[in-house]
Amino acid sequence: MSATHPNDKLVRMANQIALFFRSYPENEAVAGIHNHIVAFWTPKMRRDIEGYADEAGERLDPLVHKALDGKPVTDSPVRPATRNPQLAGEGASDAG
């Protein structure tokens with residue numbers, strides 16, 4: 001896939017996150033996408049995808065559009081120890 005706009009890579013990344021959460025109930029999926037973007041994307045990446053969402057239109061998963069609309073009212077299905085990089089190790093796997 002060749003990017004035609006600098007933010008197309010962000011669209012692809014956001015859609016991959018949405019694909020992961022697609023099997024959850026919609027409200028949990030939206031919360032999971034929102035929390036992942038807030039926790040792991042830089043502020044610039046978040047500003048860029050938020051500013052580009054309307055232009056991306058249908059190329060951006062509807063769940064991502066909802067996740068970008070504001071703070072979700074439901075908890076993410078991802079355990080707290082793994083949704084926040086500052087909590088890494090607390091309740092996470094001890095493998096390795």
> Would Tyr52 and Arg59 count as having a side-chain donor-acceptor pair, cut-off 3.5 Å?
Replying inline: yes
> Considering only heavy atoms from C-beta outward, does the side chain of Trp41 approach that of Asp48 to under 4.5 Å?
Replying inline: no
> Which distance, rounded to the nearest 0.5 Å, do you find between the CE of Met13 and the CE of Met45?
Replying inline: 3.5 Å
> Measuring from Glu50:CD to His65:NE2, what's the distance to the nearest 0.5 Å?
Replying inline: 12.5 Å
> Taking atom CG of Asn7 and atom CD1 of Ile49, what is their separation to the nearest 0.5 Å?
Replying inline: 6.5 Å
> Can you find a pair of side-chain heavy atoms, one from Val64 and one from Asn15, that are under 4.5 Å apart?
Replying inline: yes
> Counting only heavy atoms not in Gln16, do more than 12 fall under 6.0 Å of its CD?
Replying inline: yes
> Roughly how far, to the nearest 0.5 Å, is the CG atom of Asp8 from the CG atom of Leu60?
Replying inline: 10.5 Å
> Phe21 and Phe40: same hydrophobic cluster, using ILVMFWY side-chain contacts below 4.5 Å?
Replying inline: yes
> Taking Ile33 as the fixed residue, which of Val38, Leu68, Leu63 is the one that meets the side-chain contact (heavy atoms from CB on, under 4.5 Å) rule?
Replying inline: Leu63
> Are Asp61 and Arg22 close enough that some pair of their side-chain heavy atoms sits under 4.5 Å apart?
Replying inline: yes
>> Using 0.5 Å steps for rounding, measure from the CZ atom of Phe20 to the NE2 atom of His36.
In response: 9.5 Å
>> Between Lys66 and His34, does the side chain to side chain contact (heavy atoms under 4.5 Å, CB included) criterion hold? Intermediate values first, please.
In response: CA-CA 9 Å; Lys66 290 178 182 181; His34 174 86; over 6 Å; no
